[in-house]
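Please read the structure below before turning to the comments.
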Amino acid sequence: MYRYVQSLTLLRKIFVPTVLVIFLAAALPPYFLWFLGELVSCVDDAACTVQHNILGWGLVFPLTVSTLLTLTVFAMLLRIGAWMLFELSGQWSTQSIHADMMKSVFDVRTTFFDENPSGRLINRLLGDYGVLRIGGVVSLGDTTNGLAEVLCIGLLIMLANPIAGLLIIPVVMLYVALQLQLAPMLSHSREIRAVKIGEALHRETDLIEGRTIFRLYNKQKNLLDRIHKPYGDSLNIQLFLNAWGMLWMGMISAGYAVIVYAFLIYGLHAGLISTVLAAVIITAVFNLNSVFFGLAWDMSFLGETASHARRAFYMIDLPKETEEESRIGRTGGPAESELSGDIVFEHYSMSYRHDSPLILDDLSLRILEGKKVGIVGRTGAGKSSLMQALFRMVYHYDGDIRVGSQSIFDVDIHSVRRQFGVGPQDPYLFSGSIRFNLAGELSDVSDDRLREVLRVVGLDVDLDANVLEGGRDYSVGERQLLCIARLILLDKQYILMDEPTSSLDRKSDEKMQRLMNTVLADKTVITIAHRLESLERYDLILEMADGHLLRQGAPVEMMSVLRKQSVA
Ligand SMILES: Nc1ncnc2c1ncn2[C@@H]1O[C@H](COP(=O)(O)OP(=O)(O)O)[C@@H](O)[C@H]1O
Ligand SMILES: [Mg+2]
């Protein structure tokens, strides 16, 4: 539905006004060509028209020339006006399409990104937008312009001489026939080219993301070859496309010229048309010829633009996470400001997509408010899935998750997420200052408070110290502590951490644990850890296996159980 509304908006906002303006602009030059022809033919025609008899030749000539000049300039200005109108409205409408695309991508489920590698997404968001923004606007304008010119020239020749005007019919038929052949071929090759470029882009993103690995294995050359090939292919397709297109165009022109000249020779011979009219027709026809030439290209570009527009609308129409989040189909009611109480999973089952196997299956557990709970288990046990379930990022198949007495599925998704502070596995800092990284969107935090929190986590850095993108100029330990500082400032009641210490040395790990029992003492903290030692001071350890809760107990108990297991 949205797609059609958008198309209509496009049509109404840019197509119709532009057709009108361009039609006018296109009509003027051929009209004056014809007008001039009529006047000149008056010179040796005794029974000539009004202009000659009333004004006399001495006046008609300069008047015609100056009118012609003025109107040519006027027509040119009109064309520029039309172009600008097109440009502005194109910019406006494509920008809103782009904004809708971006918004839609923010609102889709996270699994969408598993299925669409970043290269493909970048290609879609930037490529489709680029084509719509530039190619689309220009080709739409040019096509309209071409069609208007053909129509005007046909009409004018028809006015001058109805028989000559009939010429336009076989020509248009020929054009349509060729266009029908040409258009699918052109758009098909363009599609192939787009796919090839997409492939190259995808690999480029691989290169950007994985450059360290490629360097490590000294495989840059292989990768560069793999990138260059699709680019080369896409260029070849373009060359082929040009040559092939030129051939078809040449055929249209030649066929067209043969018909016109045959008619003119016959017309002159039989006395159906005057030599002057023949000259005018030839001039107009030259114009028409180049118009046809351009039209074929423009139409094929228009086809290409349409396919990009379809993809852009596909992006906009992607199902949003709230639309396909749950089999149960509950709708989030009004958002409650703060949730409080124990976190309870009650026969909860989830998968990543509605049609994929269950990952957490009939999981029941309780995390008491204010306690520190560690989650352990082998890789693939479902630990991270449990966190994602709390964030409602997965497909809810059955059961419930409650915080206190409130089911998280009965409130709006964003207010659920607002309840949790998250400590990441790979702590990421943004380029800017330490102050910017700490305070983020919190606007009302004083520098004193920021320094205090830095002191609490035991970091000795200046608030104005510079940070490179990703935080490359800080050690993992420092980055992790900065992330903890960020969490303390955010002051959420529930804190989720997915393997926050996996890349930390023993000492930083201990520092983190101490913070759990001091500054974060009253918070509910859920930590996934791969080392049980990182959870020594926690209140409870849950061990997961295959999406179930395998066992739970205090750290000491669990350690002895696990130790016995590894000995056995
Ligand atoms: N985005 C995803 N799409 C589909 N399956 C996934 C996705 N993420 C994880 N899984 C699957 O869910 C299971 C549990 O994974 P996960 O919760 O990440 O385990 P853990 O964090 O304990 O290592 C694994 O079998 C994994 O393959
Ligand atoms: Mg995990």
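Start at 1 and go down the list; that is how both ligands and their atoms are numbered.
Under the 4.0 angstrom criterion for non-hydrogen atoms, Gly377 is not in contact with ligand 1.
Thr524 places no side-chain N or O within donor-acceptor distance of the main-chain N or O of Glu369, the cut-off being under 3.5 Å.
No donor-acceptor contact under 3.5 angstrom links the side chains of Tyr352 and Thr110, judged on distance only. In this structure, a donor-acceptor pair under 3.5 Å is absent between the side chains of Thr527 and Lys372. Between Ser384 and Asp498, the side chains place a donor N or O and an acceptor N or O closer than 3.5 Å (distance only, hydrogens not considered).
Considering backbone and side-chain N/O atoms, Ser384 comes within less than 3.5 Å of an N/O atom of ligand 1.
Counting protein heavy atoms under 4.0 angstrom from atom 26 (C) of ligand 1 gives zero.
Looking at heavy atoms from C-beta onward, Ile434 lies out of side-chain contact with Asp464 at the 4.5 angstrom threshold.
Comparing Lys383, Met350, Glu499 against atom 22 (O) of ligand 1, the shortest heavy-atom distance belongs to Lys383. Nearest-residue assignment for atom 13 (C) of ligand 1 (options Leu358, Thr111, Val376, Ile359; heavy-atom criterion): Ile359.
Using a cut-off of 2.8 Å, one finds that Ser384 contributes an N/O/S atom close to the Mg ion (ligand 2).
Counting the atoms of ligand 1 from 1 in the order shown, those under 4.0 Å from a heavy atom of Asp114 are 1 (N), 2 (C), 3 (N). Close contacts between ligand 1 and Thr379 involve ligand atoms 23 (O) [criterion: under 4.0 Å to a heavy atom]. Counting atoms of ligand 1 from 1 in the listed order, those under 4.0 Å from a heavy atom of Arg378 are 22 (O).
Only the side chain of Arg353 comes within contact range of ligand 1, with a heavy atom under 4.0 Å; no backbone atom does.
Taken to the nearest 0.5 Å, the CD atom of Glu321 stands 7.5 Å off from the CZ atom of Arg109.
Relative to the six-membered ring of Tyr397, Arg327 meets both conditions, a distance below 6.0 Å and an angle of at most 45° to the axis.
Scanning the protein heavy atoms around atom 16 (P) of ligand 1, the nearest turns out to be Ser385 OG, 3.6 Å. Here the protein heavy atom with the shortest distance to atom 14 (C) of ligand 1 is Gly380 O, 3.5 Å. When hydrogens are left out, the protein atom nearest atom 8 (N) of ligand 1 is Tyr352 CZ, 3.3 Å; that is the closest non-hydrogen contact.
Using a 4.0 Å cut-off between a side-chain N of Lys or Arg and a carboxylate O of Asp or Glu, Asp342 and Lys371 do not qualify as a salt bridge. Note on Arg353 versus Glu115: salt bridge recorded, some NZ/NE/NH1/NH2 to OD/OE distance being below 4.0 Å.
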